[in-house]
Amino acid sequence: DYEARIPTQANDEIGRLSRAFNVMAKAIHEEDMRKREFLANVSHELRTPLSYVKGYSEAILAGMVKTKEEETKYMKLIHREAGRMERLVRDLLDLAQLEGKSVPLQKVPLVFSQVIEDTLAKYEPFLHEKEIQVVADLSPEVIVEGDGDRMEQVIHNLLDNAIRYTPKGGTITLQLFEAETHSCCFVIRDSGKGIPKEKLPLLGQRFFRVDQARTRAEGGTGLGLAIVKQIVHLHGGTIAFASEEGKGTEVFICLPMWDDQQHE
Ligand code: ADP
């Protein structure tokens, strides 16, 4: 629905200049639309938990809650929704920082398998609770060039999704391998519900969810993969997804290996 500002068919200098102007004007218009959409999404995501917090606390204040048990129940709900808002704000700030001009990445030599194992250890209780089996082959002792905290965030978000979208008793496989172009790839595979083929290209867009209502209820912010994608790109790496509905999902992340010569 965007119309060219300067309608022109001419092929002379003015015509070409006009077309260049139209291309730029269209890009600005699209960026503007993206910003509006983003703001609308953020408002919507915040409004939902806020209205719960307001509603439950009003019920308590109005004396509608009679028993201690009921009060505890409402307080827990308020606490849960506050937690949701907290995660959303944290992810939004993170994304804003990552997309800003001066990203403070501390690139150091990282033993990739170590980062993965450390993050995995933090998930032990959740894996245990969901009876998820983890099969890890992290044998190549490769050293990548990365920011330790940010890399941990990447693995954290991917593990979080794999666990969240895999039913009880499922399997998660982690693998590391060296790739040709002096890079190292990490694959995380789950036996979860999978993602429809046509939705794969949309993964990593802010607030994209396969199933809006359900996955929001599952507690995700809808920003996890956008953050992952941004961090991987800032490291000069690549990310790819493969999935089959009902069978599971695979996420591939390839990062440049640490190069001693470049850092002498
Ligand atoms: P969320 O906080 O909703 O998990 P993400 O950005 O991490 O946000 O993921 C976006 C969406 O991609 C999720 O809502 C979910 O629909 C889908 N998704 C991500 N990882 C997986 C996975 N391992 N299996 C199935 N679906 C997934």
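A quick note: this is a predicted structure, and the numbers were derived from the prediction, not measured. One-based numbering, in listed order, for ligands and for the atoms of each.
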Pair Q153-D94, side-chain donor/acceptor within less than 3.5 Å: yes
Considering the heavy atoms of T221, write down every atom of ligand 1 situated less than 4.0 Å from one of them. 2 (O)
Below a 4.0 angstrom heavy-atom separation, can you tell me which part of I195, side chain or backbone, both or neither, approaches ligand 1? side chain
Which of the ligand 1 atoms, numbered from 1, are nearer than 4.0 Å to a heavy atom of F208: 10 (C), 11 (C)
Begin from the C-alpha positions of E70 and K73 and carry the test salt bridge (Lys or Arg N to Asp or Glu O under 4.0 Å) through to its verdict. CA-CA 5 Å; E70 252 191 319; K73 189 179 111 190; 5.6 Å; no
Give the ring-plane orientation class for Y123 versus F126, where under 30° counts as parallel, over 60° as perpendicular and anything between as tilted. tilted
Does an N or O from Y165, backbone or side chain, lie closer than 3.5 Å to an N or O of ligand 1? yes
Classify the contact between T166 and ligand 1 as side chain, backbone, both or neither, using a heavy-atom distance cut-off of under 4.0 Å. neither
Below 4.0 angstrom, N of the basic side chain to O of the carboxylate: do E31 and R34 qualify? yes
Does ligand 1 have an atom under 4.0 Å from some heavy atom of G192? no
Does the N or O separation between D211 and ligand 1 drop below 3.5 Å for any pair? no
Salt bridge (Lys or Arg N to Asp or Glu O under 4.0 Å) pairs touching residues 221-248, sequence neighbours excluded, are E244-K247
Is the shortest distance from a heavy atom of N157 to ligand 1 less than 4.0 Å? no
Atom indices of ligand 1, in the order listed, that fall short of 4.0 Å to a heavy atom of G224: 5 (P), 6 (O), 7 (O)
Can you list the atoms of ligand 1 that are under 4.0 Å from a heavy atom of T249? 22 (C), 23 (N), 24 (N), 25 (C)
Can you name the residues that form a salt bridge (Lys or Arg N to Asp or Glu O under 4.0 Å) with E117, not counting sequence neighbours? none
Decide whether S243 and T249 meet the rule of one side-chain donor and one side-chain acceptor closer than 3.5 Å. yes
Taking 4.0 angstrom as the limit and counting only heavy atoms of L203, give me the atoms of ligand 1 inside it, by number and element. 12 (O)
Using a distance-only test with no angle check, is there a side-chain donor-acceptor pair under 3.5 angstrom linking R36 and N41? no
Nearest 0.5 Å, what's the CD-CZ distance between E250 and F241? 12.0 Å
Subset of ligand 1 atoms that lie under 4.0 Å from at least one heavy atom of L225: 5 (P), 6 (O), 7 (O), 9 (O), 19 (C)
Go through ligand 1 atom by atom and flag the ones less than 4.0 Å from a non-hydrogen atom of G194. 25 (C)
Could you tell me which atoms of ligand 1, counted from 1 in the order shown, lie closer than 4.0 angstrom to a heavy atom of G222? 1 (P), 2 (O), 3 (O), 6 (O), 8 (O)
